[in-house]
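Okay, structure first, notes after.
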Amino acid sequence: MIKITLPDGTVLNKNAGITGMEIAEGISSGLAKQSIVIELDGKLRDLSFPITKDSELKILKKDSDVALEIIRHDCAHVMAEAVQSLYPGTQVTIGPAIEHGFYYDFARDKPFTVDDLEKIEKKMHQIIDDEIEFKREVWNRKDAIKYFENEGEIYKAQIINDLPEDEDITIYRQGKWLDLCRGPHLPTTKHIGKSFKLMKVAGAYWRGDENNEMLTRIYGTAWRTDKELRTYLNMLKEAEKRDHRKIGKAMSLYTFDEEVGSGLPLWLPNGTVLIDELESLAKESETQAGYDRVKTPHITKGSLYEKSGHLSHYKDSMFPAMDIDGNEYYLKPMNCPHHHKIYASLPRTYKELPIRLSEYGTCYRYEKSGQLFGLMRVRSMQMNDAHIYCTEEQFKNEFLSVCKMYLYYFKIFGIEKYEMRLSLHDPEKLGKKYVDEPELWLKTEDLVRQALQDGKLNFVEIPGEAAFYGPKIDVQVWSAIGKEFTLATNQVDFAIPSRFDLTYIDKDGKDKTPLCIHRAPLGTHERFIGFLIEHFAGNFPIWLAPIQMVIITISDKFNDYAESVHKQLKANGIRANIDSRSEKMGAKIRLAEINKIPIMLIIGEKEVSENTVSVRRKFKGDLGSLKLHDFIENIKKEINNRLL
RNA sequence: GCCUACAUAGCUCAGGCGGUAGAGCACUUCCUUGGUAAGGAAGAGGUCACCAGUUCAAGUCUGGUUGUAGGCUCCA
C-alpha cells in the first residue's frame with residue numbers, strides 16, 4: 001500500500017501501481033472525464049502512469065494551462081504522424097507547443113507548400129477520430145539510437161545522443177507510429193479535439209543555427225474549444241487591420257520605392273508631420289533636461305570606426321566601405337564616435353560634467369534583406385540620439401533621469417504594455433561579440449542594476465543581449481501582429497571613452513575618464529512611428545494627427561466662409577483641410593471618418609450667420625456649435641498640452 | 001542571407017486549358033445645393049514589377065533580377 005496525498009490534504013491509501021486515471025475515477029466520473037494529466041510530486045505524468053510510492057498527486061483538468069499546452073504538443077505529434085504517412089521519407093525533428101499553438105520541423109527534400117496543409121489537416125482529423133491511445137515506453141539509449149538510425153531518422157538519433165546521460169529515453173506510441181518524447185501526453189488522440197488549424201509553412205534552421213541545414217516548419221494553432229479558436233483567428237484579423245504597413249499606406253504616411261532601395265523609407269508629407277512633432281517633443285524635453293544639440297556628418301573614415309570598435313564588432317551591420325581618394329569611408333551606423341570627437345574637441349573639467357550631446361541624425365545600418373519589416377526594421381533611420389558624459393558619482397542620477405524621460409514619453413502616448421530589460425554580456429563571448437574587459441563589464445552591470453533598483457523600476461535581466469561596448473536597458477514592446485521590438489534604449493559605454501582618450505580634469509587636477517551613456521528614448525523615429533501607428537490604430541491624438549481637422553461645407557454657398565475659417569486655423573498653427581467637393585455632407589463626413597481625421601468642422605447657413613463652427617469629433621460625434629474664436633482657443637490648449 | 005509564397009489601374013481585387021485586360025472605391029467633368037458615415041451621369045487611368053527564353057501568339061508557360069509577405073537567424 002502507498003499513501004497518495006491530494007492537494008486538499010486528503011490522504012488515500014492505494015495499491016502500488018495505481019494510475020492517476022483510476023484515482024480520478026474513484027473520486028467521480030465527471031472528474032475522470034475532465035482529467036488530462038497528473039502532477040506527481042511536482043512532475044507532469046500521463047494519467048496512465050503507474051504510481052509506485054508515496055506521492056503528492058494533483059489531477060489536472062482540461063481547463064488548466066498545462067492541459068492546453070499538452071493538447072498543442074499532442075497536436076504536433078499527430079501532425080507528424082499525418083505528415084509521415086502522407087509523405088514517406090520525411091524525417092521528423094522537433095515539435096514543441098508554443099504560444100497559441102505548436103509547430104513541427106521536418107526534413108524533406110521538397111519543402112511543403114500551403115496546398116499540402118489541407119491534406120495534412122484532413123489526415124490529422126482522421127487520426128484524432130480513430131481515438132488512438134498514447135503509450136509511454138522507456139527504451140535503452142543505445143537501442144533507441146540504433147532504432148532511429150535504421151529508420152533513417154538521423155535527427156532523432158542525434159537528439160537522443162545529446163540527451164543528458166541520466167535522462168530516461170521515453171518513447172510514445174500512438175498506434176503504429178512512435179516518437180521520441182519526454183511527455184506527458186493525453187490519454188488518446190480524441191482528447192485533442194477539433195479546435196486546431198494549420199497556419200503556415202516556414203523555413204527554420206536545424207537547432208536554430210544558420211550554418212545548419214534548413215528544415216520545413218509547419219505552424220498550427222490549437223485550442224480547447226472551437227469558440228477559443230474562432231476568437232483567436234478573429235483577433236489575428238483585427239490585428240492585421242492595425243498593421244502599420246496597411247495604415248501607413250491608407251493614410252499616406254510613408255512609402256517605399258523599388259528604385260530607391262528596400263528598407264529606405266520615403267516620408268510623405270503626412271508622415272513627416274509625425275516626425276516633426278516627435279522632434280519638437282524631444283527638443284523641448286531635452287532642452288529642459290540640459291542637453292546641447294549637435295550635428296555630425298553621414299559618412300566617416302574607417303579609421304574612426306576601427307578606434308571605436310565598430311569595425312571589429314559591428315561590421316556585419318554596416319554598409320560596405322566606399323573608396324574616397326584612397327581612404328575607406330563608411331556610412332555611419334551610430335553617432336557615438338562623432339559625439340566622442342565633439343567631446344574631445346575641447347579640454348573638459350569636472351565642472352562641465354555631465355555633458356549631454358543630442359542629435360537627430362540619420363544613421364544607416366545594413367540589415368539582411370529577409371529581416372526588413374515595414375517601418376519597424378529599416379536600413380536608414382533617424383535616431384533620437386544623445387550621449388551623456390559623466391563621472392561615476394553622477395552616473396546613477398543621469399541614468400535614472402534618462403529612464404524617467406522615456407517613462408514620461410510613454411505616459412504622453414499612453415503606452416502601458418512594455419517590458420524593461422537589463423541586457424547583460426555573455427562571458428563566453430568576450431573578445432568576440434563583446435569588448436574584452438571582464439572586470440569592467442561586471443562593475444558596470446552592477447552599477448546599472450543598482451541604479452534601477454534605487455529608482456524602483458521593474459526590470460528583468462537577460463544575459464547575452466548587451467551592446468558590444470556595455471550593458472543596456474532595452475524597453476520591449478509588441479507590434480499589432482505580435483512581433484517583439486526594442487523601442488527605447490539606454491546603454492552604458494565603459495570601454496570606448498578611454499579608447500578615444502576622453503578625459504576631464506578632476507578636482508585634484510588629475511585627468512580622469514568619464515563614463516558615457518548612450519540613450520534613445522524614442523528609439524528611431526521609424527520604429528517609434530511604426531509602433532505609434534499600431535498603438536493608435538491610426539487614430540492619433542490631435543497634437544500628432546497629420547491632418548487635425550477638415551472643414552466640411554454643407555453646400556458650396558458657404559465656401560467663402562470656409563476659406564476664412566481655414567485661414568484663421570492656419571494662422572494659429574492648426575493643420576486643416578477644406579472638403580468643398582460638390583458632395584452631400586454625409587459623404588464628406590464618411591470620407592473624413594475613413595481617413596481618421598479627428599475633428600470635422602461643419603459649416604452651413606447657421607454657422608455663417610453666427611460666426612461659429614459645428615464641431616464633430618471622431619468617436620464622440622456631433623458636439624454642437626462654438627464661436628470660432630472659442631473653438632480655436634480650446635483646441636490649441638489640447639494641442640499644446642499634448643492630450644491623448 | 002536562408003526556406004516558402006506572392007507581384008494586374010492611386011487603393012482592394014477578378015482574369016479555368018496561352019489568342020494582346022476587367023470590377024468596386026478613389027479621381028476629373030457635368031447635373032444636384034443637400035444638416036452629422038456613401039445623390040446621379042459621363043470620362044480619364046494599366047509596356048499586367050523588370051530582363052531574357054519557349055511559341056505564329058505570353059498577364060497566363062520556363063529561367064533570372066528586383067520588390068513584398070510569413071518564418072528562421074540577427075537587431076533600434
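Residue numbers begin at 1 in each chain, while the letters A, B, ... track the order of the sequences. The model shown is predicted, which means the values in this text are computed figures rather than measured ones.
At whole-Å resolution of the value, CZ in R207(A) and P in C72(B) are 18 Å apart. Between the C1' atom of C75(B) and the OH atom of Y434(A) lies a distance of 12 Å, rounded to the nearest Å. Protein atom CD of Q371(A) is 12 Å distant from nucleotide atom C1' of A76(B), rounded to whole Å. What separates CG of D493(A) from P of A76(B) is a distance of 14 Å, to the nearest Å. For L591(A) and C25(B), the CG to P distance is 14 Å, given to the nearest whole Å. Rounded to whole Å, the distance from CZ on F619(A) to P on A37(B) is 15 Å. When the P atom of C75(B) is taken as reference, atom CZ of R421(A) falls 13 Å away, rounded to whole Å. Whole-Å rounding puts the D556(A) CG to C30(B) P distance at 11 Å.
Heavy atoms from other residues, nucleotides or ligands lying under 6.0 Å from NZ of K433(A) number more than 12. Open room surrounds CD on E99(A); 12 or fewer heavy atoms of other groups in view lie less than 6.0 Å from it. Atom CD of E428(A) sits in a sparse spot, with 12 or fewer heavy atoms from other residues, nucleotides or ligands closer than 6.0 Å.
Comparing the same atom, P, in G59(B) and in A52(B) gives a spacing of 14 Å after rounding to whole Å. Rounded to whole Å, the separation between the C1' atoms of A57(B) and C61(B) comes to 13 Å. Comparing the C1' positions of A37(B) and C31(B) gives a spacing of 24 Å, expressed to the nearest Å.
Using a 4.0 Å heavy-atom cutoff across all strands shown, S317(A) reaches no nucleic acid atom at all. Using a 4.0 Å heavy-atom cutoff across all strands shown, E607(A) reaches at least one base atom of the nucleic acid. R616(A) comes within contact range of at least one nucleobase, with a heavy-atom separation under 4.0 Å. Within the 4.0 angstrom heavy-atom criterion, no nucleotide atom of any strand lies near F485(A).
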What pattern of brackets, bars and dots sums up RNA chain B from 5' to 3', given Watson-Crick or G-U wobble pairs under 3.5 Å, [ ] for crossing pairs and | for another strand? (((((((..((((.....[..)))).(((((.......))))).....(((((..]....))))))))))))....
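Side-chain N or O atoms of Q491(A) include none that pairs as donor or acceptor with a backbone N or O of Y469(A) at under 3.5 Å. For the pair H535(A) (side chain) and F413(A) (backbone), a donor-acceptor distance under 3.5 Å is present.
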Polar atom pairs between nucleotides 3-14 of chain B and protein, under 3.5 Å, N or O only, would you list them?
{"from": "C3(B)", "atom 1": "O2", "to": "G203(A)", "atom 2": "N", "distance (Å)": "3.2"}

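Side chain R365(A) to base C74(B): no donor-acceptor pair is found below 3.5 Å. Put simply, the side chain of T486(A) and the base of A76(B) share no donor and acceptor less than 3.5 Å apart. Between the side chain of E367(A) and the base of A76(B), at least one donor-acceptor pair of N or O atoms lies under 3.5 Å.
Take the nearest nucleotide of RNA chain B for K588(A) and for I594(A): the residue whose nucleotide is more 5' is K588(A). Each of S369(A) and A467(A) was matched to the nucleotide of RNA chain B holding its nearest heavy atom; the match closer to the 5' end belongs to S369(A).
Residues that satisfy the side chain to side chain donor-acceptor pair (under 3.5 Å) test with E583(A), not counting sequence neighbours, are absent from this structure.
When each of U36(B), A76(B), U73(B) is scored by its nearest atom to the side-chain atoms of Y205(A), the top-ranked nucleotide is U73(B). You'll find that the side chain of A587(A) is closest to A38(B), out of G34(B), A38(B), A37(B). When each of U73(B), A38(B), U36(B) is scored by its nearest atom to the side-chain atoms of E210(A), the top-ranked nucleotide is U73(B). When distances are taken from the side chain of I589(A) to each of C74(B), A37(B), G34(B), the shortest belongs to A37(B). Candidate nucleotides G34(B), A76(B), G35(B) were compared by shortest atom distance to the side chain of E605(A), and G35(B) ranks first. Distances were taken from every side-chain heavy atom of S262(A) (C-beta onward) to each of G1(B), G67(B), C72(B); the shortest belongs to G67(B). If you check U36(B), U73(B), G35(B) against the side chain of D622(A), the one that comes closest is U36(B). In this structure, of A37(B), A76(B), G1(B), it is G1(B) that holds the atom nearest to the side chain of Y366(A). Listed candidates were U36(B), A76(B), A38(B). Nearest to the side chain of R590(A) is A38(B). Comparing C27(B), G70(B), G34(B) against the side chain of K584(A) picks out G34(B) as the nearest.
The aromatic rings of H298(A) and Y364(A) are tilted relative to each other, their planes meeting at an angle between 30° and 60°. Aromatic ring orientation, Y330(A) versus Y305(A): perpendicular (interplanar angle above 60°, classes split at 30° and 60°).
Stacking of R527(A) on the aromatic ring of F531(A) is not recorded, the 6.0 Å distance cut-off and the 45° axial limit not both being met. Within the cation-pi definition used here (under 6.0 Å to the ring centroid, within 45° of the axis), R72(A) does not qualify as a partner of F102(A).
Residues V201(A) and Y219(A) are not in side-chain contact: their nearest non-hydrogen atoms beyond the backbone lie 4.5 Å or more apart.
Among all heavy-atom pairs drawn from Q158(A) and W206(A), the shortest one is NE2-NE1, 3.7 Å.
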